[in-house]
Protein chains: 2
Amino acid sequence: MSIQHAILGFLSWKPHTGYELKKVFADSLSFHWSGNNNQIYGTLIKLHQEGLVTNEVVYQDKYPARKVYTVTPKGLETLRAWLGSEPELPELRNAFHIQLAWADLLGDPELYALLGRYESALETRLLMARETTRRGRPSPNRSRREAFLWRSIEENHLGHLESELAWARGVREGLGNLRYDPAREGSK
Amino acid sequence: MSIQHAILGFLSWKPHTGYELKKVFADSLSFHWSGNNNQIYGTLIKLHQEGLVTNEVVYQDKYPARKVYTVTPKGLETLRAWLGSEPELPELRNAFHIQLAWADLLGDPELYALLGRYESALETRLLMARETTRRGRPSPNRSRREAFLWRSIEENHLGHLESELAWARGVREGLGNLRYDPAREGSK
DNA sequence: CAAAGCATGTAAGCAGTTACATGATTGT
DNA sequence: ACAATCATGTAACTGCTTACATGCTTTG
């Protein structure tokens, strides 16, 4: 999986310039790429060489020329083939889990503080994500089915953040219970 | 976040060879790296150059010599500093979500099939993960607190898989309801 | 006798990131 | 005056992956 298919997807919705794609990625929840120049423009050039997209240069007098990219039939075919291909499982890479795995090296106050910072980072992100969802950016809505899929993906995203937050709070509670549990060995 | 801290963590538990680390990563749930040679051996060499680990070569007559790596005080300090540093948020990159985002290009049967394959891949992974958890590989257990943290991380992992599976099933159900909903526009 | 395990390492490449480079225009 | 927006592109780097390379030993 690479950003290539995501770009083809957006172009299958409607033509975009690199600059527009950049913004779409930058403020999307579910399309998780940073939307950096190198990747967007580089991928568009590569897709163009492979004949999966074409571009039309639109000159403007007040602003730089725009390259409007459109997907070709071959590009659509490539996208459709990918859509039908074997789905990948989510990666579940969470750097915080590694931090927590070795956090017994920390004292209780530091461990609590670490969990606390993770929780508040999650809270902030959740608020932003909810706000983004509430505002609802433009998204393809070509059928009830498509709208449902996009809504489902957004809900999945929010759900993951919520369950991660609930889990973190649970860990902190569990640590508290551990402290007052009579069956414990020497305190750290 | 890189594998460097994960390796320092394991060495803070007890000395390991590269070969051992490789296996630890390969069959761990929460340490999500593939455990490939280049990364393990390369990182160990780099850590050694930086003085964060030392190694002792143990010759064997039947097998190749082993390099047993031990963390240095400087390495422990580095690890502890990282543990106290700002936690990263999970990345939530799910290639399947991108596939689903553009899946309106597929017909109903293909879309169902795609969801079905995602579900069964998740089911398989869940079974393997539960089995791995049940068997319980050796893990640091230096305090009740550490055992609790490791258990929590494992539960988080299983929880994510379970909720993803539940979500996927929900999406499939929702699609079914959509089909029989009178308020729909032209069927795809 | 072939496959898997023990054990270390290197080469080549992909995907993604930040930062650099240019230059007019519009908003504060 | 300064920053942000419009718009495209390049350079340098990090992290991670697969595959290659070697060679002895144990298991099936």
Side-chain angles (χ1 to χ4, degrees), chain A residues 1-8 11 15-28 30-50 53-69 82 88-95 98, chain B residues 1-8 15-28 31-50 53-69 82 88-95 98:
Chain A
M1 173 60 201
S2 68
I3 200 173
Q4 193 192 127
H5 300 110
I7 289 181
L8 280 177
L11 297 183
H16 285 82
T17 65
Y19 192 75
E20 284 164 352
L21 286 169
K22 212 179 115 119
K23 284 200 291 186
V24 166
F25 282 108
D27 49 55
S28 152
S30 321
F31 294 87
H32 49 255
W33 293 272
S34 73
N36 68 86
N37 290 358
N38 213 324
Q39 193 143 29
I40 304 281
Y41 291 110
T43 303
L44 283 172
I45 289 166
K46 202 185 133 222
L47 288 173
H48 192 225
Q49 282 165 359
E50 289 168 1
V53 302
T54 50
N55 63 45
E56 196 193 351
V57 181
V58 179
Y59 295 95
Q60 306 170 110
D61 32 273
K62 305 255 169 176
Y63 287 110
R66 303 150 48 82
K67 282 192 184 170
V68 181
Y69 284 89
W82 178 70
E88 288 169 46
L89 285 174
E91 294 191 22
L92 307 183
R93 335 197 128 192
N94 193 330
I98 315 294
Chain B
M1 173 58 201
S2 68
I3 201 175
Q4 193 191 128
H5 300 109
I7 289 180
L8 280 177
H16 285 82
T17 65
Y19 192 76
E20 283 163 354
L21 287 169
K22 210 177 116 117
K23 284 199 292 186
V24 166
F25 282 108
D27 48 56
S28 152
F31 295 87
H32 49 255
W33 293 271
S34 74
N36 67 86
N37 290 359
N38 212 324
Q39 193 144 27
I40 304 282
Y41 291 111
T43 304
L44 284 172
I45 288 167
K46 201 185 133 225
L47 289 172
H48 191 225
Q49 282 165 359
E50 289 167 2
V53 301
T54 50
N55 64 44
E56 196 193 351
V57 181
V58 178
Y59 295 95
Q60 305 170 110
D61 32 273
K62 304 257 169 172
Y63 286 111
R66 304 148 47 83
K67 283 193 183 169
V68 181
Y69 284 88
W82 178 70
E88 288 170 45
L89 285 175
E91 294 189 26
L92 306 183
R93 336 197 127 193
N94 193 332
I98 315 296

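All chains are named by letter (A, B, ...) in the order of the sequence lines, taking the proteins before the strands, and each is independently numbered beginning at 1.
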Original post:
Expressed in angstrom and rounded to an integer, what is the separation of A/E88 atom CD from C/dA15 atom P?
Top reply: 11 Å
Original post:
Would you call A/L44 and A/L21 a side-chain contact if the rule is heavy atoms closer than 4.5 Å?
Top reply: yes
Original post:
Please give, in whole Å, the distance from D/dG9 P to A/L47 CG?
Top reply: 13 Å
Original post:
In the 5'-to-3' direction, what one-character label does each nucleotide of nucleotides 20-28 of chain C receive under the scheme B = base within less than 4.0 Å of a protein heavy atom, S = sugar-phosphate only, - = no such atom?
Top reply: ---B-SS--
Original post:
What nucleotide among C/dA7, C/dT17, D/dC16 has an atom nearest to a side-chain atom of A/W33?
Top reply: C/dT17
**OP:** Answer yes or no: is there a side-chain heavy-atom contact under 4.5 Å between B/I7 and B/F25?
**Re:** yes
Subject >> Below 4.0 Å: OP1/OP2 of C/dC6 and any side-chain N or O of B/K23 >> reply: yes
Original post:
So does B/Q60 get a side-chain nitrogen or oxygen closer than 4.0 Å to the phosphate oxygens (OP1/OP2) of C/dC6?
Top reply: no
Subject >> Spacing of A/N36 atom CG relative to C/dA15 atom C1', expressed in whole Å >> reply: 10 Å
Subject >> Length of the OH-C1' vector between B/Y41 and D/dA19, whole Å >> reply: 16 Å
Original post:
Considering residues, nucleotides and ligands other than B/Q60, do more than 12 of their heavy atoms fall under 6.0 Å from its CD?
Top reply: yes
**OP:** Would you indicate, yes or no, if D/dT17 has its OP1 or OP2 atom less than 4.0 angstrom from a side-chain nitrogen or oxygen of B/S34?
**Re:** yes
**OP:** Please name the pair of heavy atoms, one in B/V57 and one in B/K67, separated by the smallest distance, quoted to 0.1 Å.
**Re:** CG2-CG, 4.1 Å
Subject >> Atom pair distance, as rounded to whole Å: CD1 in A/I45 and C1' in D/dT10 >> reply: 10 Å
**OP:** Could you check how far CD1 of A/I40 sits from C1' of C/dG16, rounded to whole Å?
**Re:** 11 Å
**OP:** Answer with base, sugar-phosphate or nothing: what part of the nucleic acid does A/K67 contact at a heavy-atom distance below 4.0 Å?
**Re:** sugar-phosphate
**OP:** May I ask you to decide if A/T17's main-chain N or O and A/E20's side chain share a donor-acceptor pair within less than 3.5 Å?
**Re:** yes
Original post:
Contact class for A/K46 vs. all strands (heavy atom < 4.0 Å): base, sugar-phosphate, or nothing?
Top reply: nothing
**OP:** Return the minimal non-hydrogen interatomic distance between A/Y19 and A/Y41, and the atom names on each side.
**Re:** N-OH, 3.6 Å
**OP:** Would you mind reading off the distance between A/N55 atom CG and D/dT8 atom C1', rounded to a whole angstrom?
**Re:** 12 Å
Subject >> Integer-rounded Å distance: C/dG16 P and B/I98 CD1 >> reply: 10 Å
**OP:** Look at the side-chain N and O atoms of B/Q39 and state whether any lies under 4.0 Å from the OP1 or OP2 oxygen of D/dT17.
**Re:** yes
Original post:
Does a side-chain heavy-atom distance below 4.5 Å link B/I3 with A/I98?
Top reply: no
Original post:
Distance check: side-chain N/O of B/Y19 vs OP1/OP2 of C/dT8, anything under 4.0 Å?
Top reply: no
